[in-house]
Each structure stands twice: as C-alpha cells, then as structure tokens.
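These notes concern the structure reproduced below.
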Amino acid sequence: MRKTIERMRRRPLLAGVVLLAGGAAGGQAATLLAQPALTRLYSQADYGVLAVYMAILSLATVACGRYEMAVPLPEEDEVAANLLAVSLIVLVGFALGSGLVLLAVGPWLARRLNVPALAPLLWMVPVGLLAAGIYKAISTWAVRRRQYTLIARTKLSQGIGQAVAQVALGLVGLRPAGLLFGDIVGRSAGSGTLASLAWRRDLAVFRRVTLSGMRAAAYRYRDFPRVSSLSALLNTAGVQAAPVLLALFYQAEVVGTFALSQRVVIAPIVLVGQAVSQVYFGEMARSLARNPAGAERMLRSTVRRLAVLALAPTALLGAFGPALLATLFGAKWREAGIYAQMMAPLAAVQFVVWPLSQTLYVLEEQRLQLCWDIGRLTAVAAGIALVGATRGSAREAVAAYAATMTAAYGVFLWLAWRGVRRAARRAPAGPEGEGATAAEALEAAGPVEAPGG
C-alpha cells in the first residue's frame, strides 16, 4: 500500500485515474443500484422515450463549440481562461438556438420517431444541454488544475442525484418525464462546486479575460469548432444512430429494450473509460510535448493492460447476459439481456479503445478524426437501415450495429497507434519512466466488475 501511494504521488496520471475511476464507479454504482427499481417503475416504452431524448441531447457534445476541449492545452493560464469564457458563451447561444428549433419541429419529430410521449417534454432538451455543457466546460478547467479529487466527488454526486430523482419521480407516477428530469438533475450536480472553487482560486486569472483575449484564443484554436465540432457531432451520431434508426423501423418498446442493454451493461465500462480518458487527455498532451517516446509507451502499455482487464467481465456478459438482466430487472427485460449478450465483443473492444478516444485530438489530427467519424456513422447507419428496410428482426439490427461498431473501433486503434508512433519518431526520446499508464491506475484501483454483477 505504501508503495502504491508513493507511485501515485510521483505519477499524476496514476493518481488522477484512480480518483476519477473511483468517483465514476461510485456514481455509476448508484445508478446501477437504482435500475431494479426503475425497470419496475418505468416501462420499455418509457425507456424508449428516454433513449430518443438522450440521442437529441447528445448535441451537448458540440454545445460549447468544442472550445472546452482546448482548455487544458495552452501553457498560459490567461489563454485557457479566455477559452473557457468562449466555450460558455457559445453554449448559451447553442442552447437557445436548439430550443427554438425544437419548438418549431419537435412535435413532428416525436411522431416520426414513434415516441409521441416525448413531444410535451422537448422543453427539457435545452435545459439538459445547458446542464451538460456547463459541467463539461468547468470540469476541463479542473482537469487543467489536476483537481481530480473534486471531480471524483462531483461524479459521485451526479450518479446519486440522478438515481434519487428518477426513483422519486417514478414513485409519484411522473412517467416517462421522471427519467428525463432525473437525467438533468444528474448532469447539473457538481457544476456549482467546481465553478465556485475555480472562481475563488483563480479569480486573478479570470479577471484577465477580455474580448480581445477571447477573440485571439478562439482564432488560435479555431480548428476545434471548425473541424472538431463536425467530427464530434459525427462521432456522437455514430453512437446515437442506433436508437434513432431503431425508432424509425421498430416500436418504442424495442428502442427501450436496446437502451437498457446499453445503459446497464455498456455504460459502466464507458464511464470507467471516461475517467481514464479525462486524465489521459491532459497527460498525453504533456507527454507528447515533453517526452514523445514516453507517450508511445503510455499508449502501448495502456492498450495491453486494458485488454486483459476486459476479458473476464465481457466473457461473463456473453455467457450469462439474458439470465443476469432477467433476474435483476424482471422477466420482461430478458430481451435486453439477449441484446447485451450480442454486444459483448463490442463491449470488450470499447473498453480498450474508448479511453484513448482523445488521442487524435491531442495530435491535432482533427481531419483524420473527421474521416473516421464519417466512416463509422456510414457503416452503422447502413447496417441497421439495411436490416430494417428488408424487414429483418430487431435482433438482426442489433447484431449489425455491434459488428460495425466493433470493426470501427479496431480501425481507430490502428490510427491512434500510428499517429503517436510517428510523433515519437519525429522527436528525441525523453527520460525513461515518464508518466504512468492509465491501465496501471486501473490495476491499482482493483478489478473491474462485470456489468450488472
């Protein structure tokens, strides 16, 4: 234990990932513990409404113009503070614009996607966009300051807040609105804490934010909104295309069943990866600037160890998925377990690759990221649409989704590996032992449990 603590003190990536993984795991544990109650309070159709709402809310990925992704990059705090201000201004405009668009076309969209119950709830979308965008922007400043303990606490509060709100609203009969409102509560939790601490500790820096400084910072990192925003939107669409296309070709119950399989089974893996990714982004940026050879070692070792960690939980999922979900959430959700079983290979690949998803951004290869995003979206949409158009079953559509997504993540891993290796070869090697791997942090934090276990 003493050796582990000493390693964490020497290696910020190790300490950061352990803290963020712990906070994310605690928050996700809260939502997982609430699922047996939620699946009995809400129907498959209710979950279908939530899935389509979440697909629309995925626009939060670009709500800040992606300027928030650049906040950890500048050496000067003043430039980073101006970027943060730019991202928040863009967010407010984006939320207002989305609200006006949904006011005009929202009811028609809800009917077209076979979820008419969503129409009176579309006002929650701009509120959710603001909640998600503010937290995302403020948390990147906390990442810059390496305030991993504080971020971990907010992750925990988000999970608890979401779970409590969704269960409470379900008990009073507010369905399906309780699922949506609970999501907003979860996204909002922690933003005030991060913002107040940043204001107190960095007030002198924020006072140097000016219109000219914001213009200069926005121009310097213009590729983030100009190229990265489109790429991020396509990236999100590649994930969210599945519930939207399923809604077009099948009933809301199918969408809800698919949504639960993702929410309960794949989401824990993604959230652990989110903790790794958030710290990996900052540390990989520093390593590429100061020790590119260390960056290559970081990527190689992280991939290897994450692959080992992914084997046991995904094997358990593939073998017992239907029985696990039927036991935990009721017999009516057994089909979700079958979907999850079909997506077990995707879960394994996603566990390895998702934490590395910021690599091309750190390399400033936004155009390459854009090409990959277009390719993945095209493959996923074509696969599901082909099955739906030929009147294939919902299971066949889920299988097509899993196969195309797995192949796409494999291609991304090759592109990221090639990019980091080329960067390492262009620069002299730094000192040995620079930085820890994300996988070392996960190893220190303990084994990853199987979803639903």
Side-chain angles (χ1 to χ4, degrees), residues 31 35 38-63 91-134 161-162 165-188 233 236-263 267 332-333 336 377 381 384-385 388-389 394 397 401:
T31 59
Q35 289 305 314
L38 292 175
T39 53
R40 289 164 173 84
L41 290 171
Y42 299 93
S43 67
Q44 289 101 325
D46 293 334
Y47 271 83
V49 173
L50 176 65
V52 176
Y53 164 81
M54 294 292 290
I56 299 173
L57 199 65
S58 65
L59 292 171
T61 304
V62 298
L91 169 64
V92 172
F94 190 93
L96 290 174
S98 67
L100 293 175
V101 171
L102 288 174
L103 183 64
V105 303
W108 170 84
L109 182 64
R111 290 193 303 271
R112 184 67 182 87
L113 294 176
N114 297 315
V115 283
L118 179 61
L121 304 175
L122 284 171
W123 63 268
M124 293 188 181
V125 172
V127 177
L129 286 173
L130 281 173
I134 289 172
Q162 176 182 325
Q166 289 179 331
V167 171
L169 294 172
L171 286 172
V172 299
L174 195 60
R175 299 186 293 266
L179 288 173
L180 280 60
F181 189 76
D183 177 77
I184 293 174
V185 171
R187 293 176 187 274
S188 303
L233 191 59
T236 302
V239 177
Q240 297 298 335
V244 172
L245 288 169
L246 287 174
L248 283 172
F249 291 105
Y250 304 95
Q251 297 302 312
E253 288 77 9
V254 170
V255 183
T257 302
F258 175 79
L260 182 71
S261 68
Q262 283 193 314
R263 184 181 180 87
K332 69 180 181 180
W333 293 101
L377 175 59
I384 297 177
Y401 165 79

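Here the structure is a predicted model, which is why all the values come from computation and not from measurement. Below, all heavy atoms of this structure are taken into account, side chains as well, without hydrogens, waters or symmetry copies. In this chain, residues are counted from 1 in sequence order.
- Between Leu260 and Gln35, the closest side-chain pair of non-hydrogen atoms falls below 4.5 Å.
- A donor-acceptor contact shorter than 3.5 Å links the side chain of Ser98 to the backbone of Ala95.
- Rounded to the nearest 0.5 Å, atoms OG1 (Thr61) and CD (Gln240) are 8.0 Å apart.
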(request) Report the C-alpha distance between Tyr250 and Leu245 in whole Å, list the side-chain angles of each, state the deciding distance to 0.1 Å, and finish with yes or no for side chain to side chain contact (heavy atoms under 4.5 Å, CB included). (result) CA-CA 8 Å; Tyr250 304 95; Leu245 288 169; over 6 Å; no
(message) Please determine whether side chain to side chain contact (heavy atoms under 4.5 Å, CB included) holds for the pair Leu59 and Thr236, giving the CA-CA distance in whole Å, both sets of side-chain angles, and the decisive distance to 0.1 Å.
(response) CA-CA 8 Å; Leu59 292 171; Thr236 302; over 6 Å; no
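- Atom-to-atom distance recorded for Leu38:CG and Leu179:CG is 6.5 Å, nearest 0.5 angstrom.
- Within a 6.0 Å sphere centred on OH of Tyr42, other residues, nucleotides and ligands contribute more than 12 heavy atoms.
- Ile384 and Ala397 get closest at one heavy-atom pair: CG1-O, 3.9 Å.
- Distance alone, capped at 3.5 Å, places no donor-acceptor pair between the Tyr53 side chain and the Val125 backbone.
- Annotation: side chain of Leu171 is in contact with side chain of Leu41 (closest heavy-atom distance under 4.5 Å).
- For the atom pair CZ of Arg112 and CG of Leu248, the computed distance is 5.5 Å after rounding to the nearest 0.5 Å.
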(message) side chain to side chain contact (heavy atoms under 4.5 Å, CB included) for Val185 and Gln162? Distances and angles first, verdict last.
(response) CA-CA 6 Å; Val185 171; Gln162 176 182 325; 5.9 Å; no
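- Here the closest non-hydrogen pair linking Pro116 and Asn114 is CD-C, 3.4 Å.
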(request) Start with the C-alpha distance between Asp46 and Leu50, add both sets of side-chain angles, then the distance that settles side chain to side chain contact (heavy atoms under 4.5 Å, CB included), and finish with yes or no. (result) CA-CA 6 Å; Asp46 293 334; Leu50 176 65; over 6 Å; no
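- Across every non-hydrogen atom of Ala119 and Ala110, the tightest pair is N-CB, 3.8 Å.
- In this structure, the side chains of Thr257 and Tyr47 stay at 4.5 Å or more apart for every pair of heavy atoms.
- In this structure, CD on Glu253 lies 7.0 Å from OG on Ser43, to the nearest 0.5 angstrom.
- A distance of 9.0 Å separates CZ of Phe181 from CG of Leu174, quoted to the nearest 0.5 Å.
- When every heavy atom of Pro243 is checked against every heavy atom of Ala51, the shortest pair comes out as CB-CB, 4.3 Å.
- Evaluated for a side-chain contact (heavy atoms from CB on, under 4.5 Å) with Leu180, the options Val127, Leu118, Leu169 yield exactly one hit, Leu118.
- A donor-acceptor distance shorter than 3.5 angstrom exists from the side chain of Gln44 to the backbone of Lys332, with no hydrogens or angles considered.
- The two residues Pro126 and Gly99 make their nearest non-hydrogen contact at CG-CA, 4.0 Å.
- Listed here is the closest heavy atom pair of Val255 and Leu246: CG2-C, 3.8 Å.
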